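Only a predicted model underlies this, so the values are computations on that prediction, with no experimental measurement involved. Each chain gets a letter, A, B and so on, in the order the sequences are listed, and its residues count up from 1. Hydrogens, waters and symmetry mates are skipped; everything else that's a heavy atom, side chains included, is used.
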Protein chains: 2
Amino acid sequence: MYYIGIDIGGMSIKGAVVTEKGEILKKSSTATLPDRHYSEIISDIAKLAYSLISELGLSVNEVSGVGIGIPGTIDGENGFIVYSNNINFEHVPIVAEFKKHINLPVKIGNDANCAALGEVKFGSGKGVREAVFVTLGTGVGSGIVTDGKLLVGKGGAGAEAGHSVIRTGGERCTCGRKGCWEAYASASALIRQTARAIERDPSGMMAKLSREEGKISGRTAFKAARAGDAAGKRVVASYIKFVGEGLVNLANIFRPEMLIIGGGISNEGDYLIERLQKFVDKFSYGGRRNPNVTVKKAELLNDAGVLGAAALVME
Amino acid sequence: MYYIGIDIGGMSIKGAVVTEKGEILKKSSTATLPDRHYSEIISDIAKLAYSLISELGLSVNEVSGVGIGIPGTIDGENGFIVYSNNINFEHVPIVAEFKKHINLPVKIGNDANCAALGEVKFGSGKGVREAVFVTLGTGVGSGIVTDGKLLVGKGGAGAEAGHSVIRTGGERCTCGRKGCWEAYASASALIRQTARAIERDPSGMMAKLSREEGKISGRTAFKAARAGDAAGKRVVASYIKFVGEGLVNLANIFRPEMLIIGGGISNEGDYLIERLQKFVDKFSYGGRRNPNVTVKKAELLNDAGVLGAAALVME
């Protein structure tokens, strides 16, 4: 049998036909145009699904179900989008609306949670039953898999590990609290930390790199550090510590087999992952007496979303 | 059918015969004498179980199984105590050893996890499928129930929420990290916070109360605050904030239906619980758009351990 995975983003909606082994047979996308009424957007998603099926020469009967990943708070149990900031959705009965177009089982989930499920079923975490997936991007997203299933919490509002305070009273977070992990470990936070270091040393290597690039990015400090710049190394070491603190918290709470790192910052690869692994090994509760927790880079990149969405309907 | 719950502590070992509704038909205890070889201690546990059964006039065939709660890292899957600080157990095959005495299904778990399961099955969280149980005692313990089952993590080493950093670089914790929740929210931490306030104001109400009691306790600041003392109120407000920060972190990660508060500090009752509820409502992610998380005092007190241990074998 085949499964359809849909990943709704602010700009585009991706769709794919997937086997139960996680092979993508065909994928395609369509523009989100998020200012429209939800019924139009959902109608477009149905068209995308139909075109994928027909281009593969399949009939609807050969498809077991459709999974849809959506940014925001998703009430999967009742088939509602509670709230999605990116696409102005609030209390949208997406499953019922979608079934007007295609009569197949439909499941929905938060997009970061879907990406987590995708990575655990088919990517870095293949074969693992307990893992936490963390994306270091504009924010810090998280998806939690326990016993092979997504932990979503009441009304789908859980798995917001980015909004755990790691420094009470610290940097203001977008969520209203002070000192959230996201305010220290996101790419935006790293850019802020880099900007402060540049202010302190306007003639240093990071200042030079940022002028060349035309902006300070999440890569600036890492580039400088790799080139041996002492100030760059300090920014990276401090950033690694902030990311590490949150990872160790998750290691202690879940003691998963694996912590999977995605998002833009994960492109720093081994340089990042090895340092995070060292931090996690050093500070996790119980030290060597307890099972170690492996830190790994996410593998599936942009396909994690559609694969994880498809995996929602594989159970 | 009947179930036996055993709760091993540093001083005494409690046992109870329990129905599947959580009624305790009979309970008893025996001294732990923790310096003995584990085979002697386990033999005593078996004797305790036999005497409970026979005093009720039951036969072993009428008992479905024995659940045992043990402090430390417990590998329930393989039936081993990995490590228990309180009773000098390390890599003890407790299930195999116990079965030499009684031929019944045996399950083991960490004592805090068992207490959590007890509270969720038969206490404050009755009927709830998702809850986090937090004990504010000498340390900060936690037990996590998702989908009605305990989350124990790889090798039983998870559910250590007390060892989440809430102030990176902060107070030294017993676990080696700096700034753990436990170092701010345990009764020991509150005593430290109270002692500092007394040092600043040696003629104040808290100083007076501690002289009367002969020591500074976890109750000193609460007593002063209830009596209207400004310095006492400040200590309590700051302590509530520290406890609250960790609770909100757990609310955001799990979005459980309930956060259950146990341990010595929970005896402060509504005064404590109402303030924690306010904090959780105010700072949980998504505010009123997301489902609220109820903060509740633990109900079962000393029976939570044996009831939860018995619940281990009820599935």
Side-chain angles (χ1 to χ4, degrees), chain A residues 72-73 75 82-83 90 129-130 132 142 144 146-147 149 151-170 173 175-181 184 241-242 244-246 248-258 282-287 289-293, chain B residues 72-73 75 82-83 90 129-130 132 142 144 146-147 149 151-170 173 175-181 184 241-242 244-246 248-258 282-287 289-293:
Chain A
T73 303
D75 181 352
V82 179
Y83 176 76
E90 199 163 341
R129 304 281 298 167
E130 318 272 342
V132 181
S142 67
I144 298 159
T146 67
D147 203 18
K149 279 179 292 190
L151 185 155
V152 299
K154 194 175 167 190
E160 291 289 355
H163 299 286
S164 306
V165 158
I166 63 156
R167 178 175 275 171
T168 176
C173 181
C175 77
R177 286 179 92 188
K178 281 180 176 176
C180 282
W181 191 25
Y184 291 90
K241 185 172 164 280
F242 289 135
E245 288 283 49
V248 173
N249 286 355
L250 292 170
N252 290 350
I253 291 172
F254 291 99
R255 189 60 54 156
E257 292 173 64
M258 202 175 279
K282 186 167 176 192
F283 292 107
S284 291
Y285 186 68
R289 264 198 307 268
N290 280 336
N292 68 317
V293 177
Chain B
T73 303
D75 182 352
V82 179
Y83 176 77
E90 200 163 342
R129 303 282 297 167
E130 319 272 340
V132 182
S142 67
I144 298 159
T146 68
D147 203 17
K149 279 178 291 189
L151 186 155
V152 299
K154 193 174 166 189
E160 290 289 355
H163 300 286
S164 306
V165 159
I166 63 156
R167 179 174 274 170
T168 174
C173 182
C175 76
R177 286 178 92 189
K178 282 181 177 176
C180 283
W181 191 24
Y184 291 90
K241 187 173 161 281
F242 289 135
E245 289 284 50
V248 174
N249 286 355
L250 292 170
N252 291 350
I253 291 171
F254 291 98
R255 189 60 56 156
E257 294 173 63
M258 202 175 277
K282 186 167 176 190
F283 291 107
S284 291
Y285 186 69
R289 263 200 306 267
N290 280 336
N292 68 316
V293 178

Side chain / backbone / both / neither for [X] at chain A, heavy atoms under 4.5 Å:
| X | value |
| --- | --- |
| B:V82 | side chain |
| B:L151 | side chain |
| B:E257 | both |
| B:T73 | side chain |

In terms of heavy-atom pairs under 4.5 Å with chain B, which of [options] leads?
| options | result |
| --- | --- |
| A:E90, A:E130, A:K282, A:R289 | A:R289 |
| A:V152, A:N290, A:T168, A:L250 | A:T168 |
| A:A157, A:G287, A:G176 | A:A157 |
| A:G155, A:A159, A:C175, A:A161 | A:A159 |
| A:Y184, A:F283, A:F254 | A:F254 |
| A:V293, A:I166, A:T146 | A:I166 |

Distance check, rounded to the nearest 0.5 Å: [X] atom [atom1] versus [Y] atom [atom2]?
| X | Y | atom1 | atom2 | result |
| --- | --- | --- | --- | --- |
| A:C180 | B:Y285 | SG | OH | 9.5 Å |
| B:I253 | B:I144 | CD1 | CD1 | 8.5 Å |
| A:K178 | A:C173 | NZ | SG | 12.5 Å |

On a heavy-atom basis, which atom in A:A251 and which in A:S284 lie closest, and how many Å separate them?
CB-OG, 3.8 Å

Contact origin within A:V165 toward chain B - heavy atom pairs under 4.5 Å:
both

Sorted by chain and number, sequence neighbours left out, salt bridge (charged side-chain N to carboxylate O under 4.0 Å, His left out) with A:R177 holds for B:E245

B:R129 meets the salt bridge (charged side-chain N to carboxylate O under 4.0 Å, His left out) criterion, sequence neighbours left out, with B:D147

Between B:N292 and A:K154, is a side-chain contact (heavy atoms from CB on, under 4.5 Å) present by the stated rule, with each step listed?
CA-CA 9 Å; B:N292 68 316; A:K154 194 175 167 190; 3.9 Å; yes

